[in-house]
Amino acid sequence: MPLIRYDFLRKTTKGIFLFVFLLSMVISIKLLVFDIYRIPSSSMENMLYPGDVIVVNKLKYGPKLPSSPFEIPWVNLAFYMNKIARSRIKETWWDYKRLEGITKVKQGDVFVFSLDQSRDFFVVKRCVGLPGDVLSIRDGEIYNNNKLFTAPGTVKNNYQFRIKDRKKLYKLTDSLAINGGITQDYKSGNLGIATFSKDEFGLLEKANCIDSIKKNRDSLDIPNEELIKTVHSKWTLSNMGPIVIPKKDMQITLNPDTFMLYEKVMRLFEKSIIVEKNGTYFINGKSATTYRFKLNYYFMMGDNRRGTIDSRFWGFLPETNIVGKVQCILFSNINDEFQWSRLFKLI
């Protein structure tokens, strides 16, 4: 009888140990190696479509360690059930720390990040500006340190054009499955307006079914007051800057322009209380004429330039909010049809 009991305890202990080990492995992989996300919107068309399921590589830039137990899968369940712990759900329990990554963020990288301070609202965009860059947007084109950023062929813009061959145009746009179709004004000599990617635009040009093409500016219907800005700037979606993207240890002189442009990141992400009184600036209660940034920041934009809310509105992305680089599309359903050609497609 004792031998049977001992054997039962040994098997039970072994089973518990195996369960804990496997659970720890799953948590570690999800937390430190890769994770899976679903694309919620059209902001990254034609690179990523709504409903796409993507694999995010956390090793590329280095996995970010949790800032609270609520960020640890399954472990957080115990803290959700605790009333005292739950009252601190939006607090930062541990200082920011990221393990060493395989590579640094590069201009043009597509990655997932949390948009809000509580880090529970995740989005995906393309990085168009790095820490310390001087970024400008001129007539819809992005310049970094006065060098034109060559956007990938999937980037979409709104175009105005004249239709030369309507039958050929509609046949081609149908085959391309261009969302939203073409808006026509027959009173203006077959004037058409539509949103195309760079690749689609090239095919339409080559087919010789449209001409007199120009890119529409500022086509997103949102008040310019909501854009990031300085005191006297008259920036628009298509013309903005120059803007210096904050870099760790970069020092700026405090004035009305820098206060308006950077106050949000100082307050939200650097936890610096900065106020202005009669032309004098106070940081954490002490007067100051300069400010030194504690973190690196990035400028993010969606590929679907007409249908995205990005850094042009909400400002600079802190390194603390980066989750990881989009590695591949796990699977894709566009218009409820499984896309075999996009299965495990690398990004």
Side-chain angles (χ1 to χ4, degrees), residues 23-40 44 48 53-80 85-86 88-133 245-250 264-272 293-302 310-311 314-328 330 347:
L23 182 62
S24 299
M25 287 295 294
V26 171
I27 292 173
S28 298
I29 290 171
K30 183 177 176 63
L31 199 63
L32 304 175
V33 182
F34 69 84
D35 206 346
I36 296 172
Y37 292 84
R38 182 182 293 273
I39 301 299
M44 283 300 293
L48 300 169
V53 175
I54 58 173
V55 176
V56 174
N57 187 337
K58 297 185 176 182
L59 296 176
K60 280 287 186 178
Y61 309 138
K64 183 178 80 70
L65 300 184
S67 61
S68 85
F70 293 98
E71 295 182 7
I72 305 175
W74 291 290
V75 173
N76 54 15
L77 296 176
F79 289 85
Y80 279 118
R86 199 165 59 246
R88 299 180 57 196
I89 193 170
K90 294 187 177 181
E91 294 182 18
T92 298
W93 294 41
W94 309 304
D95 291 339
Y96 167 70
K97 188 173 183 181
R98 186 180 294 275
L99 301 181
E100 191 70 24
I102 299 172
T103 185
K104 301 292 184 184
V105 176
K106 298 181 181 65
Q107 186 185 32
D109 282 358
V110 177
F111 56 80
V112 169
F113 56 92
S114 55
L115 189 56
D116 59 348
Q117 187 183 5
S118 59
R119 305 185 185 94
D120 57 6
F121 179 67
F122 297 98
V123 294
V124 57
K125 307 284 182 192
R126 187 180 300 278
C127 176
V128 298
L130 302 173
D133 279 358
I245 303 172
K247 183 178 182 179
K248 185 177 180 179
D249 292 327
M250 184 179 85
K264 178 181 176 181
V265 299
M266 296 174 188
R267 172 173 46 84
L268 285 183
F269 304 118
E270 308 222 337
K271 309 301 180 186
S272 297
F293 289 99
K294 303 172 187 176
L295 300 169
N296 288 315
Y297 292 85
Y298 301 86
F299 202 92
M300 311 297 295
M301 289 180 67
D310 50 36
S311 284
W314 42 256
F316 309 101
L317 174 73
E319 60 183 329
T320 52
N321 286 33
I322 296 175
V323 175
K325 190 176 187 295
V326 179
Q327 187 70 38
C328 70
L330 189 60
I347 301 297

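Below, all heavy atoms of this structure are taken into account, side chains as well, without hydrogens, waters or symmetry copies. Each residue takes its place number in the sequence, starting with 1.
Side-chain atoms of K58 come within 3.5 Å of backbone N or O of K30 as a donor-acceptor pair. In this structure, the side chain of D133 engages the main chain of L130 through a donor-acceptor pair within 3.5 Å. Here the side chain of W93 pairs a donor or acceptor atom with the backbone of R88 at under 3.5 angstrom. Judged by distance alone, the side chain of E270 and the main-chain N or O of K294 form a donor-acceptor pair under 3.5 Å. A donor-acceptor pair under 3.5 Å links the side-chain atoms of R126 to the main chain of G108, judged by distance alone. With K60 contributing its side chain and Q327 its backbone, the two residues share no donor-acceptor pair below 3.5 Å. When atom types are taken as modelled, the side chain of N296 and the backbone of K248 share a donor-acceptor pair closer than 3.5 angstrom.
Between the CZ atom in F293 and the OG atom in S272 there is a gap of 9.5 Å [rounded to 0.5 Å]. Atom OG1 of T103 is separated from atom CG of N57 by 11.0 Å, given to the nearest 0.5 angstrom. For the atom pair F70 CZ and K90 NZ, the distance stands at 12.0 Å (nearest 0.5 Å). Distance CG/L65 to CD1/I72: 9.5 Å, rounded to 0.5 Å. Taking CE of M301 as the start and OG of S311 as the end, the distance is 8.5 Å to the nearest 0.5 Å.
In this structure, Y37 places its OH atom where more than 12 heavy-atom neighbours from other residues, nucleotides or ligands lie under 6.0 Å away. No more than 12 heavy atoms of other residues, nucleotides or ligands sit less than 6.0 Å from atom NZ of K247.
I347 places a side-chain heavy atom less than 4.5 Å from the side chain of L48. Within the 4.5 Å cutoff, no side-chain heavy atoms of I89 are placed close to those of F79. Residues I29 and F34 form a side-chain contact, since some pair of their non-hydrogen atoms from C-beta on lies under 4.5 Å apart. Residues W94 and P69 have side chains in contact (heavy-atom distance under 4.5 Å, counting atoms from C-beta outward). Counting only heavy atoms from C-beta outward, the side chains of V123 and F113 approach each other to under 4.5 Å. The shortest side-chain heavy-atom distance between S114 and F122 falls under the 4.5 Å cut-off. Side-chain contact check for P318 versus V265: every heavy-atom pair is 4.5 Å or farther apart. Contact check for L31 versus P73: side-chain heavy atoms found under the 4.5 Å cut-off.
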task = Give the C-alpha distance, both sets of side-chain angles, the deciding distance and a yes or no for side-chain contact (heavy atoms from CB on, under 4.5 Å) between I27 and V75.
result = CA-CA 9 Å; I27 292 173; V75 173; 4.0 Å; yes
task = Check the pair M44, V110 against side-chain contact (heavy atoms from CB on, under 4.5 Å), reporting the backbone distance first and the verdict last.
result = CA-CA 9 Å; M44 283 300 293; V110 177; 4.0 Å; yes
query = Can you list the steps and then say if T320 with L295 is a side-chain contact (heavy atoms from CB on, under 4.5 Å)?
reply = CA-CA 8 Å; T320 52; L295 300 169; 4.0 Å; yes
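The pair E319-R98 does not meet the salt-bridge criterion, since no charged nitrogen lies less than 4.0 angstrom from a carboxylate oxygen.
Here the rule is side chain to side chain contact (heavy atoms under 4.5 Å, CB included) with M300, and of D109, L115, L317 only L317 fits it.
Ring-plane geometry between Y297 and F316 is classed as perpendicular, the angle between the planes exceeding 60 degrees on a 0 to 90 degree scale with a lower cut at 30.
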